[in-house]
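Worksheet: one structure, shown below.
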Amino acid sequence: MKTLRRLLLYILAISVILLLLYGLYHHFENEIQLFVHSSKETQQQNGQRLLRSIRQHQHDPFVLAIVIALIAVMTAIPFMPISIICIAIGAGYGGLIGGLINVIGISLGNLAVIGVFQVTGLSRKIAAHDSRIIDDIAKMHHPLWGLTIGYSVPFISTLFVDITALHLHYTLKQLWVPVLLGSVPIAFIYAYGGNLFNSGDLRVGIFILLAMLLLASLTILIKKDRKKSSDY
């Protein structure tokens, strides 16, 4: 029964993603068709036209709702490469606006996962698999800070961070701040990484690389806090 429930959730999520992608395609169909069928001589011109069309619709409620929902659903699917869509958002919307969109979408997606796990109990089966990050955060002196760091580090699957939050019996009301704060760094890194394709500014690329390394180093804080907690 649990396997069937999980399969149905996957099918539902994939169906929603395909529906949202079709909605975006339909909205920008003319520009996309021009870009896809471009010759080598007109490909760059039509690509810029597509980007201009996307930016002209930045404040369109319909497009924003679809984009945020797409990020949220992809975030909610375990091991889905969310970086691809978030980088694309940065390329289309720019670093600042794209980053804000990514933050909202990623946060909603993680909160949705926690809510679904609370209702279905699927987290117990996944938590049975050995995951050092779950153990490290759970045994920290300040686990909420550990969860915040977990959401911000791109090399840690947010699925395991969500499971850790449930393992520690936190409620959605307690978790929305760590989820939101943890989503900010990686959301803006992805967005400015996508915007880098437009600007070509090498300094932005170097900054993104340094930021990724800094976020990865935050896992050391989790281990130190756990060690300090075990000493008490």
Side-chain angles (χ1 to χ4, degrees), residues 2-29 32 54 57-94 97-123 125-127 147-148 150-166 170-173 175-191 193-194:
K2 287 185 178 180
T3 302
L4 178 61
R5 187 187 304 171
R6 184 166 52 183
L7 179 61
L8 289 175
L9 286 173
Y10 269 107
I11 293 174
L12 177 61
I14 295 297
S15 300
V16 171
I17 287 176
L18 292 176
L19 184 63
L20 292 171
L21 286 174
Y22 177 76
L24 284 178
Y25 170 79
H26 183 71
H27 201 80
F28 299 104
E29 183 174 2
I32 292 174
I54 292 173
H57 291 83
Q58 282 181 349
H59 303 293
D60 186 325
F62 175 76
V63 174
L64 279 175
I66 289 182
V67 168
I68 291 173
L70 184 61
I71 297 172
V73 175
M74 292 185 71
T75 301
I77 299 178
F79 309 113
M80 179 68 71
I82 187 64
S83 58
I84 296 175
I85 183 67
C86 289
I87 289 172
I89 295 301
Y93 281 83
I97 296 178
L100 292 173
I101 291 173
N102 287 344
V103 168
I104 296 171
I106 292 173
S107 299
L108 289 176
N110 280 312
L111 291 173
V113 169
I114 295 170
V116 169
F117 279 175
Q118 284 180 333
V119 173
T120 63
L122 286 174
S123 62
K125 186 172 182 180
I126 302 174
L147 291 173
T148 304
Y151 285 117
S152 67
V153 177
F155 311 111
I156 298 177
S157 172
T158 56
L159 172 67
F160 292 118
V161 184
D162 294 333
I163 293 170
T164 305
L166 290 174
Y170 286 119
T171 64
L172 285 175
K173 185 176 181 180
L175 288 171
W176 74 268
V177 172
V179 169
L180 182 65
L181 292 179
S183 300
V184 168
I186 193 61
F188 277 92
I189 286 175
Y190 286 150

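Every value quoted in this text rests on a predicted model; they were computed, and no experiment measured them.
Separating the OG atom in S107 from the CG atom in L175 is a distance of 12.0 Å, to the nearest 0.5 Å. One finds the OH atom of Y151 at 12.0 Å from the CD1 atom of I106 (value rounded to the nearest 0.5 Å). A distance of 8.5 Å separates CD1 in I14 from CE in M74, rounded to the nearest 0.5 Å. With rounding to the nearest 0.5 angstrom, the SG atom of C86 is 11.5 Å from the CD1 atom of I189. Note: D162 CG to L147 CG = 9.0 Å, rounded to the nearest 0.5 Å.
Taking the six-membered ring where tryptophan is involved, the planes of Y22 and Y25 are tilted, since the angle between them lies from 30° to 60°.
Between A72 and L108, the shortest heavy-atom distance links the atoms CB-CB, 4.1 Å. Of all the heavy atoms in A69 and L20, the pair that sits closest is C-CD1, 3.7 Å. Taking every heavy atom of both residues into account, G99 and A187 meet most closely at O-CB, 3.8 Å. The two residues T75 and G105 come nearest to each other via the heavy atoms OG1-O, 4.3 Å. Across all non-hydrogen atoms, the minimal contact from A191 to G98 is CB-C, 3.6 Å.
Between I71 and I104, the closest side-chain pair of non-hydrogen atoms is not below 4.5 Å. I97 places a side-chain heavy atom less than 4.5 Å from the side chain of I101. In this structure, W176 and I114 have side chains that are not in contact, with every pair of non-hydrogen atoms separated by 4.5 Å or more. Contact of the T158 side chain with the V113 side chain is not registered, since no non-hydrogen atoms from C-beta on lie closer than 4.5 Å. At least one side-chain heavy atom of F188 sits under 4.5 Å from a side-chain heavy atom of V103.
Remark: of the listed residues L19, I89, L24, L24 is the sole one forming a side-chain contact (heavy atoms from CB on, under 4.5 Å) with L70.
Under the side chain to side chain donor-acceptor pair (under 3.5 Å) criterion, Y93 pairs with no residue, sequence neighbours left out.
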